[in-house]
Asks: 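Handing you a structure now.
Chain identifiers are assigned alphabetically (A, B, ...) following the order of the sequence lines, protein sequences preceding nucleic acid strands; residue numbering begins at 1 within each chain.
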Number of protein chains: 4
Amino acid sequence: MAIYTATLHLNEDLGFTGMTMAKIAKEAGIATGTLYVYFKNKHELINSLYLYLKKQKAKNILYELNLNQPYKALFKSLFISSIANAIADFRESAFLEQYYRSPFINESVKIEGMQPFTPIFQIIEEAKKDLVIKDVDTAYIFSCLNGLLNEFTKSMKENQISWNESSQQIMFDMLWGSIKN
Amino acid sequence: MAIYTATLHLNEDLGFTGMTMAKIAKEAGIATGTLYVYFKNKHELINSLYLYLKKQKAKNILYELNLNQPYKALFKSLFISSIANAIADFRESAFLEQYYRSPFINESVKIEGMQPFTPIFQIIEEAKKDLVIKDVDTAYIFSCLNGLLNEFTKSMKENQISWNESSQQIMFDMLWGSIKN
Amino acid sequence: MAIYTATLHLNEDLGFTGMTMAKIAKEAGIATGTLYVYFKNKHELINSLYLYLKKQKAKNILYELNLNQPYKALFKSLFISSIANAIADFRESAFLEQYYRSPFINESVKIEGMQPFTPIFQIIEEAKKDLVIKDVDTAYIFSCLNGLLNEFTKSMKENQISWNESSQQIMFDMLWGSIKN
Amino acid sequence: MAIYTATLHLNEDLGFTGMTMAKIAKEAGIATGTLYVYFKNKHELINSLYLYLKKQKAKNILYELNLNQPYKALFKSLFISSIANAIADFRESAFLEQYYRSPFINESVKIEGMQPFTPIFQIIEEAKKDLVIKDVDTAYIFSCLNGLLNEFTKSMKENQISWNESSQQIMFDMLWGSIKN
DNA sequence: CATGAATGAGCTTTCATTCAT
DNA sequence: AATGAATGAAAGCTCATTCAT
C-alpha cells in the first residue's frame, strides 16, 4: 500500500521524529485528511505498518522453507534468508528497530507480531530435543539468531561486510558455532 | 550530572519522542532556561549525553581488565563485564539504542564515541594473529560481540534470562563458539 | 487581507517589538497555526506586508496621476497625493518606518519595494533636463520629497499641522522652493 | 560611558530587537548583573541613553554657534552642523529613529528630550518676526529642517550624496528655498 | 560594587487531528 | 471516499531580571 511505502521511505530519510502525517500524505500522493479515512490516527497507522511488516517478513522467510532437510541446513536456510530479507529492504529494519522503542508499541501488538514466527520456535524446540543444538532456554538461542542477524545486517548496510557465498558461509558458521551442541 | 540522569530516566519512561526539554528540566529539578545555560540546544544535550555514556561504558569495561590472561579468559572478562555494565543500568542501553537511529546522530559524533573502545579492537586483532579466534574481518567478530550483548541484555531485562554464574557460562560459551578458531 | 490589517493595527498600538504572532492571530480572528498556513514564518509575513504596502502606495499615488500637465502642477499632484495617502492610514507609515530599521529587511526586498516607484524617478529626470528643477543628483531631489513628506505627515498625526487647501499650499510651496530651479 | 557605547554599537549591528541585556553587558565588558547596578531596568537604560544623546547633540550643535550673524548664515551654520553631527556618528541617528517608535518612549521623556533644543525654536520665531523666513506655524519650519536633515543623512550613509563644500551648499540651498520668505 | 548562574514567562513554530465541502 | 484549510495544544528556545556570593 502506498501509505506504508511512503511511511517507510520517510522513516529512512528523517527518522521516527521527522515522520509527520503531512509528510506521509504528501509522499503517498494523497491529502492529509485521507490518511484518516484509512487509519483512525497516527498510532494505528504505525502499529498497522508494524504488524504488516512482521507478517511479510515471516512469510518471506518461511514460505519456501524446506522443512525436510537436516537441522544444520535448515538453520542455514532460515538464517541466510532472514538476512537476505533484511538487506532487501533496510528501511524495514530501520522502522522495526525504532518502533520497538517507540511510545506506539504495547504488549498486545508485540505478541501479535511474534505470532507468525511460531514455526521458528517449534524448529528450535525440536532441534534441542534431538541434541543438535544446545539444550538451553530458547531465549538464548533466539538471542543468538536475532543478535547476529541484526548486527550482520547493520555491518552490511555500512559496507563493512559484503554479501556473497563466502560471507554467507562465514556468518552462518559463526551462528552455528554459537548454538550447535 | 543531574541533567543526564533526568534525561536517561525520562527516556526510559517515555522514549526519545516524549523526552521534552520541559520534562527534563522538571525531572532534574531546575528551570527550563537553565538547561540552555549548560547546553546550547536539545541537540547538543543529547549528543553530550551520548558521548558521556560511551566514555563511561568504556571506562567501566576496560578499567579493571587484566590484559595478562589467556585470550579465552580475556574475552570472557570483556563480554561478561559488558553485560554486567549494561544490566546495571538498562536506561543507558535504551538511550544508546535510540540515539543510534535518531536525527541527532552524525558521523563525527559516532566516530568520537568509538574512540574509547579502540583497545578492544586491538585485542581482537592480536587474537586473530595468534590463531585463537577466526581470521575474518573484524566487523564479523565485532558483530558477534555486539549482537549477542544486545540481545542477551534485552532478554534479561524481560526476565527471560537470569543473571548468575551458570547463565554467564552459557552466554559466553555461545559467544566463544561463534568466534573461536 | 485580514492578517495584514491585524498586523498594521497591532504595530500601531504596540510597535514592532510587541507585535507577536499570537496577538496578530487573535486580532485577525484566527488561530496561531493558521498564520503559518499563509506565511512560512514571521519574517516572511513582515516582508510580504512591506511589499504589499509599497505596491499599494505606488498604485494609489500613480494610478490617477495626469502626466499631461506642467511640471509644477505634476509635482504638486504627486506630493499632495502622497501626503493624502500617508494620512489616510498612519498605520502604514508607522509600519514602513520601523520596517526600514528592522532585522527583517534585506537588500533584495528593499530593491523590490522601490520598483513600483520608478515612474517618479523618470519624472524627476525629465524635469531636470527641462531645467524646471535643480540639476543635481536625483538623491537630493528624492530626499526633499521624502523628508518633507515624512515630517509633514508626522506633524499632522500629532495635530500640529491641519489638512486643508491652505496647509496643502504651504507644504507644497516649501517643497517647490527646495527643488525648483 | 562604556554601556552607552556598547548599546549604540549593538543597535547598529543587530537593531533594537537583537539588542539584549546579555549582549550589551558582554560588549561593554561587564557582567549582566552589573547593568542593573547602574540602571533599574532595560527601559531606564534605553531612556537614559536617549536623553544623553539628545543633550549631546544639542550641545554639539549649539555650543559654538555664533548668534551674531545674519539669519541666513545662522541657519546654514545650524543645518550644516546638524548634518555634520549626524554623520559623525550614524549609530546615534539609527538609535534615535528606532527609539522614537519603540515601546520605551513616553510623552514626558519626549518633552525632556526637546528641552535642549529650545534655542532653535527661539531663532525660528525671531526670523519669522523679521520676515526673513515664512510666517507659518513653526511646525512647518521644523518639519523642513528635520525632514531634510534626516533624508540627507540617510543618503550620505548610503553613499548617494557626498560630504564636501559643494554638497553642503546644495543641501543648504534646498533648505533655504523651502523656508525663506 | 560586581558577578554570572538560575529563573520562568512568553516567544516562534510544529503537527496530529478535524470538518465543511 | 477524498480533500486540505484551519485548529490549538505543546514543543524548543530566548531573555529581562534576580540574588547568593
Side-chain angles (χ1 to χ4, degrees), chain A residues 2-3 10 14 16-26 28-46 103-104, chain B residues 2-3 14 16-26 28-46 103-104, chain C residues 2-3 14 16-26 28-46 104, chain D residues 2-3 10 14 17-26 28-46 103-104:
Chain A
I3 296 175
L10 245 88
L14 307 172
F16 241 62
T17 308
M19 203 178 65
T20 71
M21 292 300 264
K23 282 180 192 151
I24 292 172
K26 201 180 172 187
I30 58 175
T32 325
T34 312
L35 285 177
Y36 290 84
V37 173
Y38 294 100
F39 302 98
K40 217 183 79 199
N41 51 35
K42 193 180 184 180
H43 202 107
E44 217 167 64
L45 161 53
I46 300 291
F104 297 110
Chain B
I3 296 175
L14 307 170
F16 241 62
T17 308
M19 204 177 63
T20 71
M21 292 303 263
K23 281 179 192 152
I24 291 172
K26 201 179 173 187
I30 57 176
T32 327
T34 311
L35 286 177
Y36 291 86
V37 172
Y38 294 100
F39 303 99
K40 221 183 77 198
N41 50 38
K42 191 179 185 179
H43 202 107
E44 223 169 62
L45 161 52
I46 301 291
F104 297 110
Chain C
I3 296 175
L14 307 171
F16 241 62
T17 308
M19 203 177 66
T20 72
M21 292 302 265
K23 281 178 193 155
I24 292 172
K26 201 178 174 189
I30 58 175
T32 326
T34 312
L35 286 178
Y36 291 85
V37 172
Y38 293 99
F39 302 98
K40 220 182 76 197
N41 50 37
K42 192 179 184 179
H43 202 108
E44 222 167 63
L45 161 53
I46 302 290
F104 297 110
Chain D
I3 297 176
L10 244 89
L14 308 170
T17 307
M19 204 179 63
T20 70
M21 292 301 263
K23 282 180 193 152
I24 292 173
K26 201 180 173 188
I30 57 175
T32 325
T34 312
L35 285 178
Y36 290 84
V37 173
Y38 294 100
F39 302 99
K40 220 183 78 198
N41 51 35
K42 192 180 185 182
H43 202 105
E44 218 168 65
L45 161 54
I46 301 291
F104 297 110

Asks: In whole angstrom, give the distance that lies between atom NZ of K23(C) and atom C1' of dA9(E).
Replies: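 Checked: the NZ to C1' distance equals 12 Å.
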Asks: Could you walk me through whether T34(D) and I3(D) pass side-chain contact (heavy atoms from CB on, under 4.5 Å), step by step?
Replies: CA-CA 10 Å; T34(D) 312; I3(D) 297 176; over 6 Å; no
Asks: Are any of T34(A)'s side-chain N or O atoms less than 4.0 Å away from OP1 or OP2 of dT3(F)?
Replies: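 True: T34(A) side-chain N/O within range (under 4.0 Å) of dT3(F) OP1/OP2.
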Asks: I46(A) has an atom CD1; how far is it from atom P of dA16(E), in whole Å?
Replies: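 The answer, rounded to whole Å, is 9 Å.
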Asks: Test L45(A) against I24(A) for side-chain contact (heavy atoms from CB on, under 4.5 Å), laying out the working first.
Replies: CA-CA 11 Å; L45(A) 161 53; I24(A) 292 172; 4.1 Å; yes
Asks: I need the minimum non-hydrogen distance between P103(B) and T17(A), along with the two atoms involved.
Replies: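 P103(B) and T17(A) have their closest heavy atoms at CD-OG1, 3.9 Å.
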Asks: Given that A22(A) and A31(D) both sit by DNA chain E, which one's nearest nucleotide is further toward the 5' end?
Replies: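 The 5'-side residue here is A31(D).
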Asks: Dot-bracket for DNA chain F, 5' to 3', with Watson-Crick and G-U pairs under 3.5 Å, [ ] for crossing pairs and | for other-strand pairs: what is it?
Replies: .||||||||||||||||||||
Asks: Please tell me which of M21(A) and N41(C) maps to the more 5' nucleotide of DNA chain E, matching each residue to the nucleotide holding its nearest heavy atom.
Replies: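 Its nucleotide being nearer the 5' end, the pick is N41(C).
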Asks: Rounded to whole Å, please give me the gap between CD1 in I24(B) and C1' in dA11(F).
Replies: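 One finds 12 Å between C1' of dA11(F) and CD1 of I24(B), rounded.
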Asks: Which is it for I46(B) and F16(B) under the side-chain contact (heavy atoms from CB on, under 4.5 Å) test, yes or no, and what are the steps along the way?
Replies: CA-CA 10 Å; I46(B) 301 291; F16(B) 241 62; 3.9 Å; yes
Asks: Could you tell me the separation between the CZ atom of F39(B) and the C1' atom of dT14(F), rounded to a whole number of Å?
Replies: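 Interatomic distance, CZ of F39(B) to C1' of dT14(F): 18 Å.
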Asks: Suppose you measure atom P in dT21(F) against the same atom in dC1(E); what distance do you get, rounded to whole Å?
Replies: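 Rounded to whole Å, the distance is 23 Å.
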Asks: For K40(D) and dA16(F), what is the distance between atoms NZ and P respectively, to the nearest whole Å?
Replies: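 Rounded to the whole Å, the gap is 16 Å.
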Asks: Going by heavy atoms in the side chains, are L14(A) and M19(A) under 4.5 Å from each other?
Replies: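 No, their side chains stay 4.5 Å or more apart.
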Asks: Rounded to whole Å, please give me the gap between CG in L35(C) and P in dG8(F).
Replies: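 Distance check: L35(C) CG to dG8(F) P gives 13 Å.
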Asks: Looking only at the side chain of V37(A) (C-beta and beyond, no hydrogens), which of the listed nucleotides dT7(F), dT3(F), dA16(F) gets closest?
Replies: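 Taking heavy atoms from C-beta onward, the closest nucleotide is dT3(F).
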Asks: Specify the separation, in whole Å, of atom CD1 of I3(B) and atom P of dA6(E).
Replies: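 Between P of dA6(E) and CD1 of I3(B): 9 Å.
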Asks: Taking all non-hydrogen atoms of both residues into account, name the closest pair between K23(A) and L10(A) and its distance.
Replies: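 The pair with the smallest heavy-atom distance is CB-CD2, 3.2 Å.
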Asks: Please determine, for the side chain of Y36(A), which listed nucleotide (dA16(E), dG8(E), dT3(F)) has the closest atom?
Replies: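 Nucleotide nearest to Y36(A)'s side chain: dA16(E).
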Asks: Quick one: on DNA chain F, does G18(D) or T32(A) contact a more 5' nucleotide (nearest heavy atom)?
Replies: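 The residue mapped nearer the 5' terminus is T32(A).
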Asks: Roughly, in whole Å, what's the span from CG in L45(B) to C1' in dA11(F)?
Replies: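 So the CG-C1' distance, L45(B) to dA11(F), works out to 15 Å.
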Asks: Which part of the nucleic acid, if any, lies within reach of I30(D) when heavy atoms closer than 4.0 Å are counted: base, sugar-phosphate only, or nothing?
Replies: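 Since only primed, P, OP1 and OP2 atoms lie under 4.0 Å of I30(D), the category is sugar-phosphate.
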Asks: Can you name the nearest heavy-atom pair linking A28(A) to A2(A), along with the distance?
Replies: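 Closest approach of A28(A) to A2(A), heavy atoms only: CB-O, 3.9 Å.
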Asks: Shortest non-hydrogen contact from H43(B) to F104(B)?
Replies: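 That closest heavy-atom pairing would be NE2-O, 3.2 Å.
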Asks: Within the 4.0 Å heavy-atom criterion, would you say Y38(D) contacts the bases, only the backbone, or no part of the nucleic acid?
Replies: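 Counting heavy atoms under 4.0 Å across all strands, the contact made by Y38(D) is with sugar-phosphate only.
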Asks: Compare the minimum distances between each of dT17(F), dT12(E), dA2(F) and the side chain of T20(C), then state the nucleotide with the smallest one.
Replies: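 The listed nucleotide nearest to T20(C)'s side chain is dT12(E).
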